[in-house]
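Reviewing the structure listed below.
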Amino acid sequence: MSAISKTPQPPYYAVIFTSVRTEGDNGYDKTANEMVELGFSQAGFLGAESVRDAAGVGITVSYWESLEAIENWKDNARHKIAQKLGQELWYESFATRICKVERLGLFKVDEGEKMISK
């Protein structure tokens, strides 16, 4: 996977999920990969980018066509299970922010790129 999501021209929406992980994997990596695959099957999903530092602080930005698409993702049954596990097992803390993307600037972004690796 590449480092930068290829998104359409704005407007669209970004969900910024900032988190601090707990110690140990506890099934996190498997579920995170599953959520990425599930995201791609969701109507309105445009891509995602995710990074995590050695201290466990991570930022994932997912891109969506509409607020309705974001709400549908939030309410997805499998995603709800992952959210619950996140609160109980994987995260010390997290914040979710939703914003409207109004401008896009690109430098050497391949037209075929879809998503970054973790």
Side-chain angles (χ1 to χ4, degrees):
M1 288 190 242
S2 67
I4 299 174
S5 288
K6 176 65 175 111
T7 54
Q9 286 299 313
Y12 53 89
Y13 293 87
V15 176
I16 305 165
F17 180 75
T18 307
S19 63
V20 178
R21 281 288 317 278
T22 56
E23 290 291 321
D25 180 77
N26 301 311
Y28 177 83
D29 283 343
K30 179 182 178 202
T31 303
N33 289 332
E34 181 185 344
M35 291 301 102
V36 169
E37 292 303 315
L38 185 60
F40 275 108
S41 72
Q42 285 286 128
F45 180 76
L46 301 173
E49 301 160 351
S50 187
V51 295
R52 185 165 304 280
D53 71 13
V57 177
I59 300 173
T60 298
V61 181
S62 59
Y63 302 100
W64 300 87
E65 289 178 355
S66 66
L67 292 173
E68 179 182 14
I70 294 168
E71 193 65 30
N72 290 339
W73 171 242
K74 180 183 174 194
D75 291 338
N76 176 284
R78 182 62 188 108
H79 186 218
K80 280 193 162 298
I81 293 168
Q83 290 171 45
K84 185 171 175 20
L85 287 169
Q87 291 176 355
E88 295 173 354
L89 194 61
W90 297 322
Y91 299 118
E92 288 181 20
S93 61
F94 63 82
T96 303
R97 298 169 177 96
I98 298 173
C99 56
K100 186 174 184 178
V101 177
E102 296 181 353
R103 292 181 71 179
L104 171 66
L106 301 173
F107 176 73
K108 295 185 180 182
V109 175
D110 181 351
E111 292 295 319
E113 293 181 0
K114 291 289 184 193
M115 159 157 201
I116 82 159
S117 60
K118 290 185 179 183

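All values derive from a computational prediction rather than experimental measurement.
The cluster map of Ile, Leu, Val, Met, Phe, Trp and Tyr, joined by side-chain heavy atoms under 4.5 Å apart, puts Leu85 and Val20 in different clusters. Hydrophobic cluster membership differs between Val57 and Val15, with clusters built from Ile, Leu, Val, Met, Phe, Trp and Tyr side chains linked at under 4.5 angstrom.
Considering only heavy atoms from C-beta on, Ile70 comes within 4.5 Å of Ile98 through its side chain. Looking only at side-chain heavy atoms (C-beta outward), Ile81 and Lys84 stay at 4.5 Å or farther from each other. A 4.5 Å side-chain heavy-atom check between Asn72 and Glu68 finds at least one atom pair inside the cut-off. Between Cys99 and Ile16 the shortest side-chain heavy-atom distance falls below 4.5 Å.
Proximity of the aromatic rings of Tyr12 and Trp64 is defined here by a centroid distance below 6.0 angstrom, and this criterion is not met.
By the 6.0 Å contact criterion, CD on Glu92 is enclosed, its count of non-hydrogen atoms from other residues, nucleotides or ligands being greater than 12. In the displayed structure, Glu23 atom CD is contacted under 6.0 Å by at most 12 heavy atoms of other residues, nucleotides or ligands.
With values rounded to the nearest 0.5 angstrom, Glu49 atom CD is found 8.0 Å from Thr7 atom OG1. Going from atom CH2 of Trp73 over to atom CZ of Arg78 covers 9.5 Å, rounded to the nearest 0.5 Å. For the atom pair CD (Glu65) and OH (Tyr13), the distance works out to 11.5 Å, reported to the nearest 0.5 Å. A distance of 12.5 Å separates CD of Glu37 from CD of Gln42, quoted to the nearest 0.5 Å.
Contact record, Pro10 with Val101: CB-O, 3.3 Å, taken as the closest heavy-atom pair. For Gly44 against Ala69, the heavy-atom pair with the smallest separation is CA-CB, 3.9 Å. The two residues Ser5 and Gly47 come nearest to each other via the heavy atoms OG-C, 3.7 Å. Here the closest non-hydrogen pair linking Phe45 and Ser62 is CE1-CB, 4.2 Å. Of all heavy-atom pairs between Thr18 and Arg97, the closest is OG1-NH1, 3.6 Å.
Using a distance-only test at 3.5 Å, with no hydrogens or angles considered, a donor-acceptor pair links the side chain of Thr22 to the main chain of Trp90.
Counting only N and O atoms by type, the side chains of Arg52 and Thr60 include no donor and acceptor under 3.5 Å apart.
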